[in-house]
Amino acid sequence: MHAYRTHNCNELRSDNVGETVRLSGWVHRKRDHGGLLFIDLRDHFGLTQCVIEPENKHFAVLERLRVESVITVSGKLVDRLADAKNKNLPTGDIELVVADLEVQSRAEELPLPVFGEPDYPEDIRLKYRYLDLRRQKLHNNIILRGQVINSIRTRMIAQGFNEFQTPILTASSPEGARDFLVPSRLNPGKFYALPQAPQQFKQLLMVSGFDKYFQIAPCFRDEDARADRSPGEFYQLDMEMSFATQEDVFAAIEPVMAGVFEEFAAHTGKTRKVTQTPFPRIAYKDSMLKYGNDKPDLRIDIICSDVSEFFIEDGVEFKAFQGIVKGGGTVRAIPAPNTKDKPRSFFDKMNGWAQREMQAPGLGYIRFEQGENGLEGKGPIAKFFPADVLVRMAAHAGIGDGDALFFAAGKEVDAVKLTGAARAEIGRQLDMIDEDVFKFCWIVDFPMFEWDEDNKKIDFSHNPFSMPQGGMEILQSADTDVKKLDILAYQYDIVCNGIELSSGAIRNHRPDIMYKAFAMAGYDRDAVDSEFSGMITAFKYGAPPHGGIAPGIDRMVMLLAGADNIREVIVFPMNGSAQDLMMNAPAEVPAKALRELHLRLDLPKE
RNA sequence: GCGGGUGUAGCUCAGUUGGUUAGAGCGCUGGCCUGUCACGCCAGAGGCCGCGGGUUCGAGUCCCGUCACUCGCGCCA
């Protein structure tokens with residue numbers, strides 16, 4: 001007989017009754033009847049009930065043993081009495097009568113219970129992550145993650161993509177997020193940077209002629225955490241393809257995304273519908289107008305609109321918003337459908353939410369109801385509008401009897417931001433979000449440049465390596481800032497349920513266009529040559545047109561697992577302050593280590 | 001760096017308008033229990049009410065500050 005087990009804890013059935021078997025696992029739960037002791041034995045695969053009688057010499061040991069101790073038990077498998085069967089357990093028809101017991105590992109009193117999976121403070125869960133990982137929910141999430149990655153890999157390879165590994169110790173990139181730096185012992189005063197993404201490497205692989213690249217790529221960015229952003233490191237399905245148009249990239253990645261989501265849609269036990277390919281495409285500009293951001297949650301059936309014009313019509317007396325519009329600002333309308341029966345407090349709460357959560361001046365609103373003379377506006381600010389203006393505004397916003405409009409006013413960036421947040425909040429408050437669908441879309445036609453308010457200059461709005469739509473001609477003809485800001489890039493995002501899963505682009509593979517684009521953003525030729533020397537040089541020796549995308553794997557798994565926090569799908573995550581509480585990282589290092597690296601600490605005074 | 005929320009037993013939480021000895025459930029320890037599967041019953045231990053200051057005859061409760069966690073903003077090519 002095997003030293004530890006003849007079966008796992010989810011294997012034995014009635015057919016095995018009469019066999020002498022051996023199981024190993026953790027003591028999940030004990031039910032001590034004094035004269036009879038039940039043990040639920042757990043391993044990765046499941047649970048099997050074991051029973052021991054007081055005559056057995058091991059009874060006293062088992063009775064004293066704490067839960068989560070690891071044991072090996074052997075004995076005869078028996079049928080349970082008819083009324084003692086447990087229908088909730090796959091192994092519920094049988095039980096193991098313990099004859100022999102070996103205690104493999106005694107558990108002390110636990111800082112975190114496994115059984116029952118009660119809510120526990122996250123710092124304790126993170127410190128004792130291995131205990132948390134024994135819990136079924138988290139255990140299943142991590143298994144799901146492995147299966148998702150395997151599915152992705154299979155699908156990419158089937159499409160002719162080749163998998164690569166790119167360096168972890170590499171060069172700092174002057175664009176983007178803050179880098180993690182690694183000092184070089186052999187090169188005093190110099191530093192490696194951990195890659196924020198294998199961006200340049202994958203483009204260089206296209207220059208190398210590999211045609212189709214992918215990697216389950218670790219990415220490192222020194223940025224603050226969010227619910228859907230783990231600090232430090234995360235994984236992308238990084239892919240790139242040669243001689244590809246934007247539509248080719250979409251056609252390659254859409255079936256992978258839709259396929260993986262369909263494959264695991266039932267993971268939570270519910271049936272969840274996935275957007276059919278091709279996914280809808282929404283221009284960046286339209287998304288900002290209709291949804292208030294570039295990552296719309298399409299589960300919320302609310303479309304916003306610009307209503308600035310109505311506030312400066314003759315006869316409108318609403319001075320606050322009038323001033324905003326005349327001063328170059330914007331008023332956006334966010335419909336709140338079917339709110340006829342909502343109490344006044346609903347609207348007041350939304351206003352309070354805007355002030356508290358968004359630090360906005362507030363959210364005005366008008367309720368619309370069908371009256372004797374047609375659609376009428378109600379609410380504190382309705383009286384400032386002539387009746388016909390309200391009717392036309394309602395038509396413009398696409399709402400009618402029983403609906404309301406909230407107003408977000410201010411500078412355009414602020415109004416848009418409040419619009420997006422308010423749309424999501426209304427969706428939540430009105431229970432408009434269907435948890436059982438995955439609604440995908442593409443956001444396309446991102447602007448190439450944006451106005452950098454801090455430095456009062458034009459800068460790249462996303463990836464400086466994107467190809468402008470219109471190529472060299474459009475760059476050369478853009479002789480004013482306004483024209484420059486109108487230039488679009490072959491830059492796109494894939495969004496699911498309001499979560500940005502990835503961004504990608506058709507790259508700029510032409511050195512002449514690259515120099516020109518960088519010049520427009522204020523970087524001279526020398527800066528490009530020094531900061532992107534590897535890539536710009538490579539492009540001078542024959543570079544194929546190419547493009548790609550990099551969906552975030554953690555976020556995909558999060559959606560599939562139904563997790564509301566990214567730490568629920570990462571096996572050993574750091575906390576919000578970028579600390580690993582289990583391994584004690586980051587940590588101080590011995591002075592010798594610093595000397596070898598030619599470093600001296602200059603810590604902030606306390 | 002900024003804003004919101006939370007902070008009472010190991011954990012989840014209750015704690016009235018400021019009032020005398022701060023409670024419950026789970027867990028833990030001990031005892032009882034031969035068919036449980038959230039086993040049951042009895043008993044017990046366990047509290048810097050996050051920390052510091054203030055108001056008050058009196059603070060878990062009110063005020064100020066601070067720390068921790070968390071969500072968001074900034075940031076995230």
Side-chain angles (χ1 to χ4, degrees), chain A residues 28-41 47-55 59 63-64 66-67 78 80-89 91-92 95 108-126 128 172-179 195-197 199-200 219-232 234 352-360 414 417-418 421 424-425 446 448-450 453-454 459-466 489 491 500 503-505 507 518 521 531-532 550 552 564-565 567 575-577 579 581:
Chain A
H28 187 61
R29 191 74 178 152
K30 289 161 64 181
R31 288 176 296 280
D32 188 352
H33 290 239
L36 197 62
L37 174 60
F38 294 102
I39 300 277
D40 287 337
L41 194 66
L47 283 180
T48 301
Q49 176 167 289
C50 305
V51 61
I52 187 165
E53 295 179 345
E55 298 74 39
F59 185 89
E63 198 176 32
R64 292 281 145 209
R66 282 207 180 83
V67 291
V78 301
R80 295 204 208 172
L81 297 171
D83 60 350
K85 292 186 192 301
N86 186 345
K87 288 190 290 292
N88 301 320
L89 219 54
T91 60
E95 64 193 3
E108 295 179 11
E109 191 184 329
L110 298 172
L112 172 77
V114 175
F115 172 80
E117 315 199 8
D119 285 347
Y120 245 61
E122 200 167 21
D123 50 349
I124 295 176
R125 294 179 55 203
L126 290 171
Y128 302 97
S172 172
S173 159
E175 296 291 330
R178 206 171 282 116
D179 286 313
Q196 295 187 23
Q199 182 64 39
Q200 294 187 64
C219 303
F220 305 90
R221 295 177 193 175
D222 187 1
E223 290 299 329
D224 289 354
R226 289 287 183 279
D228 63 354
R229 199 164 81 204
S230 191
F234 60 98
W353 164 86
Q355 292 172 338
R356 191 177 59 251
E357 299 285 330
M358 301 301 295
Q359 283 131 58
D414 298 330
K417 181 173 209 149
L418 181 56
E425 182 65 16
F446 277 82
M448 184 81 190
F449 300 105
E450 65 186 13
E453 195 57 46
D454 292 341
D459 203 353
F460 293 107
S461 70
H462 273 73
N463 188 328
F465 307 132
S466 302
Q491 169 87 38
E500 183 195 317
S503 65
R507 319 298 173 188
F518 271 91
E531 289 171 1
F532 307 104
D564 52 13
N565 192 293
R567 294 184 289 274
N575 70 6
S577 308
Q579 297 159 339
L581 299 176

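Each chain gets a letter, A, B and so on, in the order its sequence line appears, and its residues count up from 1.
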Sequence-distant partners of A/Asp414, salt bridge (charged side-chain N to carboxylate O under 4.0 Å, His left out), two or more places apart: none
Salt bridge (charged side-chain N to carboxylate O under 4.0 Å, His left out) partners for A/Arg66, two or more places apart: none
Contacts of A/Glu500 that satisfy salt bridge (charged side-chain N to carboxylate O under 4.0 Å, His left out) - sequence neighbours left out: none
Sugar-phosphate only, base, or nothing, as touched by A/Arg125 at under 4.0 Å among non-hydrogen atoms: nothing
Test side chain to side chain donor-acceptor pair (under 3.5 Å) applied to A/Arg125 - qualifying residues, sequence neighbours left out: A/Asp132, A/Glu568
Helical stems, RNA chain B - three or more consecutive Watson-Crick or G-U wobble pairs below 3.5 Å: B:1-7 with B:67-73, B:10-13 with B:23-26, B:28-32 with B:40-44, B:50-54 with B:62-66
Atom pairs under 3.5 Å, N or O on each side, protein against nucleotides 10-13 of chain B: can you list them with distances?
residue : atom : partner  : partner atom : Å
B/C11   : O4'  : A/Tyr120 : OH           : 3.1
B/C11   : O2'  : A/Asp119 : O            : 3.3

Heavy-atom closest contact (A/Leu581 atom, A/Leu126 atom, distance): CD1-CB, 4.1 Å
Interatomic distance, A/Ile39 CD1 vs B/U34 C1' [rounded to whole Å]: 15 Å
Pairing of A/Asp224 and A/Arg229 as salt bridge, 4.0 angstrom limit: no
Gap separating the CG atom of A/Leu112 from the OH atom of A/Tyr120, nearest 0.5 angstrom: 6.5 Å
Whole-Å gap separating C1' (B/U34) and CG (A/Leu37): 11 Å
Most 5' of A/Glu53 and A/Ser461 on RNA chain B, judged by nearest nucleotide: A/Glu53
Spacing between A/Asp222 atom CG and B/C75 atom P, to the nearest angstrom: 16 Å
A/Glu223 side chain to A/Arg178 backbone, donor-acceptor under 3.5 Å: yes
Identify the pairs formed between an N or O of the protein and an N or O of nucleotides 70-72 of chain B at a distance under 3.5 Å, and give each distance.
residue : atom : partner  : partner atom : Å
B/C71   : OP1  : A/Asn565 : ND2          : 2.5
B/C71   : OP1  : A/Arg567 : NH2          : 3.1
B/G72   : OP2  : A/Ala227 : N            : 2.8

Min side-chain heavy-atom separation A/Glu63-A/Ile52 under 4.5 Å: no
Side-chain donor/acceptor of A/Gln491 to backbone N/O of A/Gly504, under 3.5 Å: yes
Atom C1', compared across B/G50 and B/G7: separation rounded to whole Å: 6 Å
Set of salt bridge (charged side-chain N to carboxylate O under 4.0 Å, His left out) partners for A/Arg221, sequence neighbours left out: none
Non-neighbouring partners of A/Phe38 that pass ring-ring contact (aromatic ring centres under 6.0 Å, His included), sequence neighbours left out: A/His33
Touch class at under 4.0 angstrom, heavy-atom based, for A/Ala197 against every strand present: base
Per A/Glu223 side chain, nearest of listed nucleotides B/U29, B/G74, B/C76: B/C76
Under-4.0 Å side-chain N/O to phosphate OP1/OP2 contact, A/Arg66 with B/U29: yes
B/U29 and B/G65, which share atom name C1', separated by this distance in whole Å: 41 Å
Nucleotide B/C26, atom C1' - distance to CG of A/Leu112 in whole Å: 14 Å
Check: A/Leu41 main-chain N/O paired with A/Thr48 side-chain donor or acceptor under 3.5 Å: no
Closest-nucleotide ordering on RNA chain B, the 5'-leading residue of A/Gln579 and A/Phe465: A/Gln579
Euclidean distance for C1', B/C49 against B/A68 (whole angstrom): 16 Å
Euclidean distance, atom CZ of residue A/Arg229 to atom C1' of B/G74 [Å, nearest integer]: 10 Å
Rounded distance (Å) that lies between atom P of B/C75 and atom CG of A/Asp224: 11 Å
Partner set under ring-ring contact (aromatic ring centres under 6.0 Å, His included) for A/Phe115, not counting sequence neighbours: A/His28
Pairwise P distance for B/G10 and B/U66, with rounding to whole Å: 28 Å
A/Phe449: ring-ring contact (aromatic ring centres under 6.0 Å, His included) partners, not counting sequence neighbours: A/Phe460
Heavy-atom protein contacts under 4.0 Å, nucleotides 37-42 of chain B, coded B base, S sugar-phosphate only, - none: BSB---
Rounded distance in Å - CG (A/Leu47) to P (B/U36): 18 Å
Salt bridge flag under 4.0 Å for residues A/Glu122 and A/Arg567: yes
Euclidean distance for C1', B/G18 against B/C32 (whole angstrom): 45 Å
Interatomic distance where CH2 belongs to A/Trp353 and P belongs to B/G4 [whole Å]: 16 Å
Touch class at under 4.0 angstrom, heavy-atom based, for A/Glu108 against every strand present: nothing
B/A59 versus B/G1 - spacing of their P atoms, nearest Å: 34 Å
Separation between the C1' atoms of B/U56 and B/A43, rounded to whole Å: 41 Å
Nearest-Å distance once atom P is located in both B/U16 and B/G31: 39 Å
